[in-house]
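One structure is given below, encoded as structure tokens.
Convention: sequence-line order gives letters A, B, ...; per-chain numbering from 1.
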2 protein chains.
Amino acid sequence: MSLRFNDFTPDTNEKTLSMKPEKISEFTTRRLSIYLRSLNQLTLEGVETISSQSFAERFNLNSAQIRKDLAYFGEFGVRGVGYDTEALRKHLIEILGLNRRHRVGIIGAGNLGLALANYKNWTASSFNVVALFDNDTARIGKTSLASSHASKNSDGVKIYDVRDFPTLARELELEMVALAVPRETAQSALDMVVEAGIKAVLNFAPAQLEAPEDVQVKTVDLTISLESLSYFLAQPTSDEVK
Amino acid sequence: MSLRFNDFTPDTNEKTLSMKPEKISEFTTRRLSIYLRSLNQLTLEGVETISSQSFAERFNLNSAQIRKDLAYFGEFGVRGVGYDTEALRKHLIEILGLNRRHRVGIIGAGNLGLALANYKNWTASSFNVVALFDNDTARIGKTSLASSHASKNSDGVKIYDVRDFPTLARELELEMVALAVPRETAQSALDMVVEAGIKAVLNFAPAQLEAPEDVQVKTVDLTISLESLSYFLAQPTSDEVK
DNA sequence: CAATGTGAAACGATTCACAGCT
DNA sequence: AGCTGTGAATCGTTTCACATTG
């Protein structure tokens with residue numbers, strides 16, 4: 001095996017984040033979130049170093065999978081020792097793009113939209129809900145707190161006319177949109193959002209939506225999960241096997 | 001190949017629902033929900049018969065996959081013709097266990113719990129939210145509508161003391177529970193629910209929960225979906241590739 | 001010498017392609 | 001003639017197992 005000029009890489013031992021060595025599967029990225037959450041827990045407990053082995057046992061994961069997932073992005077571990085909790089945590093935050101705030105708009109100021117706007121964990125993390133949009137004049141102009149029974153320790157999010165979305169999306173520099181509208185209007189709302197140049201959408205409507213492939217739409221589908229549970233209950237196995 | 005006594009099956013041409021020919025994957029069951037939703041749409045449009053081909057094109061699915069998924073449960077199609085929309089719809093409803101109502105309790109009467117309780121699509125489908133549970137005395141005794149800004153066309157769901165869950169779960173014949181509590185209390189809430197004999201849980205807390213394997217826990221994790229979108233936005237590909 | 005990083009093996013899900021039925 | 005139901009081929013994901021390394 002001859003050593004060609006290009007074989008010498010002056011890089012650090014970590015793969016640079018900007019290089020895209022291969023396509024990372026969604027299974028992997030979702031697990032990265034789980035690893036990050038678990039690391040937060042470990043940091044809280046003061047654990048400074050952990051092996052993939054004990055990490056896996058602690059949070060019931062698979063150690064080989066942890067190593068493989070992490071190895072896509074760099075060599076974060078130390079052989080014979082394990083991973084530095086805090087360093088790995090920071091790496092994951094960067095990989096997931098959580099090192100900066102994302103400005104989120106919510107379309108639909110019904111029960112779900114308001115609950116989302118007031119959901120505490122958004123703010124604790126890297127997402128800021130900066131605007132709500134609705135087409136109901138009774139809601140427009142109010143804030144999420146005036147409409148809801150939420151606690152008073154934050155300012156609430158203003159509800160705008162959805163017709164102003166195209167201009168406001170730009171002005172407010174929205175990066176992400178959550179769709180909390182009825183199924184019937186979900187596709188047209190998405191079309192509007194796409195038209196405004198938004199590339200990341202979280203859809204709560206129980207519908208398969210169509211979008212250009214450079215727009216990432218993630219559907220959180222309550223109905224499907226419920227029906228999946230219903231299927232499970234309907235299986236003879238549930239009771240039969242004691 | 002000798003014909004033994006047991007080889008003669010007096011069954012219809014459909015696999016009986018009680019037999020478990022092989023383990024059905026979750027990927028398949030989730031798609032069954034999607035097929036059902038699509039069939040509802042077709043019924044509405046008056047389409048009486050459809051081939052897997054046109055079904056796939058209409059809802060962007062894969063026709064071979066549709067046929068394979070359905071074939072796990074019986075021979076629902078007619079060669080040369082396709083599937084009878086209405087008949088297939090009824091089959092899926094039965095397979096998914098949606099031919100009877102499921103009584104659901106929600107633990108946690110915060111923003112999310114209330115939004116869930118007032119969510120219209122539950123009632124439209126086969127799920128009845130019959131009780132909310134909370135540990136906040138300010139909430140206990142109220143109903144979901146008194147606490148929320150929801151419309152007045154239904155009676156609202158009563159909020160009970162979570163300490164009464166074990167007895168009420170039995171009295172109200174709860175079959176499913178939705179966990180809408182903070183992450184910190186999710187595991188202990190689940191333990192209580194499991195202890196009460198509930199076998200199907202929909203978890204909204206951003207946590208990996210532990211449960212016996214005869215209890216099905218489905219986590220709807222907003223945080224993971226958001227972080228997955230954030231990762232997507234952080235990829236150079238999003239803008240770079242024009 | 002303990003634990004990573006990683007090819008190779010195993011497993012599982014999707015898609016192909018066609019025999020067989022109506 | 002047309003479409004289902006399904007083995008076989010393909011593709012992707014997970015797990016194994018070990019050479020490599022601090």
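One interatomic measurement links the two molecules: CG of A:Leu61 to C1' of D:dT13, which rounds to 16 Å at whole-angstrom precision. Summarising the geometry, the separation between NZ on B:Lys23 and P on C:dC11 is reported as 17 Å, rounded to the nearest angstrom. Nucleotide D:dT14 holds its P atom 16 Å from the CG atom of A:Asn60, rounded to whole Å. Rounded to whole angstrom, the span from the NE2 atom of A:His91 across to the C1' atom of C:dG5 amounts to 15 Å. Residue B:Ile66 contributes atom CD1, which lies 9 Å from atom P of D:dT4 at whole-angstrom precision. The interatomic distance linking B:Phe76 (CZ) with D:dG5 (C1') rounds to 12 Å, in whole Å. Going from atom OH of B:Tyr83 over to atom C1' of D:dG2 covers 13 Å, rounded to whole Å. Summarising the geometry, the separation between CZ on A:Phe55 and P on C:dT4 is reported as 11 Å, rounded to the nearest angstrom.
B:Thr219 is linked by a side-chain contact (heavy atoms from CB on, under 4.5 Å) to B:Asn203, B:Val217, B:Asp221, counting only residues two or more places apart in sequence or in another chain.
Formation of a donor-acceptor pair under 3.5 Å by the B:Asn62 side chain with backbone atoms of B:Ala64 is found in this model.
Looking at B:Ser228 and B:Ser225, their side chains never bring a donor and an acceptor atom within 3.5 Å of each other. In summary, the side chains of A:Ser54 and A:Ser51 do present a donor paired with an acceptor at a separation below 3.5 Å, with no hydrogens or angles considered.
Here the side chains of B:Leu42 and B:Phe59 are in contact, with some heavy-atom distance below 4.5 Å.
A:Glu94 and A:Lys90 are not joined by a salt bridge, as no carboxylate oxygen comes within less than 4.0 angstrom of a charged side-chain nitrogen. A salt bridge between B:Glu227 and A:Lys218 is absent, with no side-chain N of the basic residue lying under 4.0 Å from a carboxylate O of the acidic one.
Of all the residues in residues 36-53 of chain A, A:Ser51, A:Ser52 reach under 4.0 Å from DNA chain C with at least one non-hydrogen atom.
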Contact pattern, 5' to 3', of nucleotides 13-20 of chain C - B, S or - by protein heavy atom under 4.0 Å: SSBBB--B
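Between B:Phe55 and B:Tyr35, the ring-plane angle classifies as perpendicular under the 30° and 60° cut-offs.
Rounded to the nearest 0.5 Å, atoms CD1 (B:Ile50) and CD (B:Glu48) are 12.0 Å apart.
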